[in-house]
2 protein chains.
Amino acid sequence: MRFTLRQLQVFTRIAQYQSVSQAADQLAMSQSAASTALKELERSYDCLLFDRAGKRLIINALGLELLPRARALLEQAQALEGLLTDNHGFGSLSVGATMTIGNYLATLLIGHFMQQHPSCKVRLHVHNTAQIVQQIASYQLDLGLIEGYYQDSNIIAEPWIADELVVFCAPQHPLAQQGHASLDELVNEEWIVREQGSGTRVAFEQAFMRHQRAIKIRLELEHTEGIKRAVESGLGIGCISRLALRDAFKRGSLVAIETPELNLTRQFTFIWHKHKYQTDAMSEFLSLCRGLTENIQRSDQIDLATLV
Amino acid sequence: MRFTLRQLQVFTRIAQYQSVSQAADQLAMSQSAASTALKELERSYDCLLFDRAGKRLIINALGLELLPRARALLEQAQALEGLLTDNHGFGSLSVGATMTIGNYLATLLIGHFMQQHPSCKVRLHVHNTAQIVQQIASYQLDLGLIEGYYQDSNIIAEPWIADELVVFCAPQHPLAQQGHASLDELVNEEWIVREQGSGTRVAFEQAFMRHQRAIKIRLELEHTEGIKRAVESGLGIGCISRLALRDAFKRGSLVAIETPELNLTRQFTFIWHKHKYQTDAMSEFLSLCRGLTENIQRSDQIDLATLV
DNA sequence: TGCGTATTATCAATTTAACAGATTTGTATT
DNA sequence: AATACAAATCTGTTAAATTGATAATACGCA
């Protein structure tokens, strides 16, 4: 390793401002020191990162190649520094979750956890599955909670509970009084569902795919709340996670439709890095979640909403 | 940034050998220097990474937490150093591809490319889509070639050609003489297909899903070659990429069945990191691939196999 | 228990690297 | 040509890294 993080820092700043002086100011060092640092970096690898056009520096091909990777390295270094400075005591916990889980489940889990461990700082990051996996892979997150299964040699995946989607409609809808619906009835309805690519949509489509039946989608929305409102106003019937509907069902503003022919369950999965050290906070959080699973099985409840 | 890469190097080695002396030997430095480096790292963050049990150092919770991230950082640093040392001249190229693409397409593309640029070193990594995306995101790969579409704020996706799956059977099969088949005929056949989760399987199932028809799957295999052999021996009919069947069709060992009612095309997509600098090698490779696309359109060919 | 050995920590001295301030060089502007 | 500005270079100073030697400590073994 013939370079230092300092040199990389100087390099990225100079590249950013296209100026040694400004970079030096930013880094609270002399212009001379910055100039030397850059020259030293170039000298030790016998290459040029900038073209010198007189007094201006113009970053060249190799420099441009280096720049994003240098930035990424510095970012990772900073994350590592965060670990060293923040993490005294019981430790903190960074959890990543997908949107459905993050908004309805992870917040409850984290609430529980924080009650039991008031001193532990917890952060929740809501992203899509791919982003969470990537952040787990680069140690930016301690723990991920995603929909579906996941396989990767560097990542441990532990299936957690199965979530249940539920078909629902407005109270004044004909199916509301009936309380249940057959496949044929469902196919004739107009649907309001999540957008293509969302975990909810995938689970929804797979349920119908097993029966080789087409459905009429009237509206695609990116948020469950939007779907609830659209269904409330009678635009059609919807299908989202039961977790997001608990209050609405209790209130009576929306009504569940039983669909015995459809399998609307899906799996939630915990993931973490194979080589990541499990902090006490991580272990505690996981065992709390595992404990909830056992409660579910014992009490013959299908969904989590009644428990958390 | 109050730590240096050197300190991290010393830390990881000491953790590896549980010994300052051995680590110092490994790093070609004095025991004293290694001891100081570790102490300095601990002092500057006011923490302990090891428990001192007499003359032995036993890594503690924080140390274990730090270790994998330190290793990851050093690995990334080394990759960056590789860039600085190797990459003089035209540069090298790291391409990631999924299995179907990697085995039948990427090798041909890379062959073409290397013929035109003999001095350029190219590496091909075959992984699943998620892994490729992750490696693109962390700058480990220059370029990825995946099946389907992909959306991510940090990743640029450029649709390339559409690949075509084709239904096929053994020459002695009744459908072989007919040369084509209706949806009803296809549904009555027994199928040999790729496993759940593969890009080929997804494309196959989506084609039937559009018509709300179920198919009878007799055998699931993880390799196209296996499927070809199984179909050859009359176990059923198959559906895989036309690219993998060109030779078999030419030889006559397998026969294509036209399926006008089914849309068996799928998209191949190039991906690269938004912030990655496009080396000459990258640009050249991409423009070669784009050039092939134009040839396809001009010559009214649907598949690539006749061209490369 | 006492002694040799191995290992870490510490000290003193030296080399090396980092840095600031002043100076020089090179380029663009007028 | 004079001026202005920015990068490179030079010089001395300070801080850090490293070494070799030494002290302190624990372990194994008689």
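Residue numbers start from 1 in every chain, and the chains themselves are labelled A, B, ... in the order their sequence lines are given, proteins ahead of strands.
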As a test of reading the structure: which of [options] is closest to the side chain of [X], going by heavy atoms?
X	options	result
A:V20	D:dT18, D:dA17, D:dA7	D:dA7
A:S30	D:dA8, C:dC19, D:dT18	C:dC19
A:L57	D:dA7, C:dT8, C:dA20	D:dA7
A:S32	C:dA18, D:dA7, D:dT9	D:dT9
A:R52	D:dT18, C:dC19, D:dA8	D:dA8
B:S21	C:dT7, D:dA7, D:dC10	C:dT7
A:S35	D:dC10, D:dA8, C:dC19	D:dA8

Near A:E75 CD, under 6.0 Å, is it more than 12 heavy atoms from other residues, nucleotides or ligands? no

What's the [atom1]-[atom2] distance between [X] and [N], to the nearest Å?
X	N	atom1	atom2	value
A:F50	D:dA6	CZ	P	16 Å
B:D25	D:dG20	CG	P	12 Å
A:I58	C:dT27	CD1	C1'	12 Å
A:R43	C:dA18	CZ	P	10 Å
B:L38	D:dA17	CG	C1'	15 Å
B:E42	C:dT8	CD	P	13 Å
B:L5	D:dA17	CG	C1'	15 Å
A:Q18	D:dA7	CD	P	11 Å

Identify the heavy atoms of B:Y277 and A:P68 that sit nearest to each other, and give their distance. N-CG, 4.2 Å

Phosphate-side-chain proximity, B:S19 and C:dT8, N/O vs OP1/OP2 below 4.0 Å: yes

Can a side chain N or O of B:K39 be found less than 4.0 Å away from OP1 or OP2 on C:dT10? yes

If only atom types and distance count, is the side chain of B:E158 paired as donor or acceptor with the main-chain N or O of B:T269 below 3.5 Å? no

By nearest heavy atom, map B:A37 and B:Q31 onto DNA chain D; which one lands nearer the 5' end? B:A37

Testing the 3.5 Å rule here: is there a donor-acceptor pair between the side chains of A:E284 and A:H117? yes

Only one of B:V95, B:T98, B:L145, B:L143 passes side-chain contact (heavy atoms from CB on, under 4.5 Å) with B:I132, and that residue is B:T98

Classify A:E40 by what it touches in the nucleic acid, base, sugar-phosphate, or nothing, heavy-atom distance under 4.0 Å. nothing

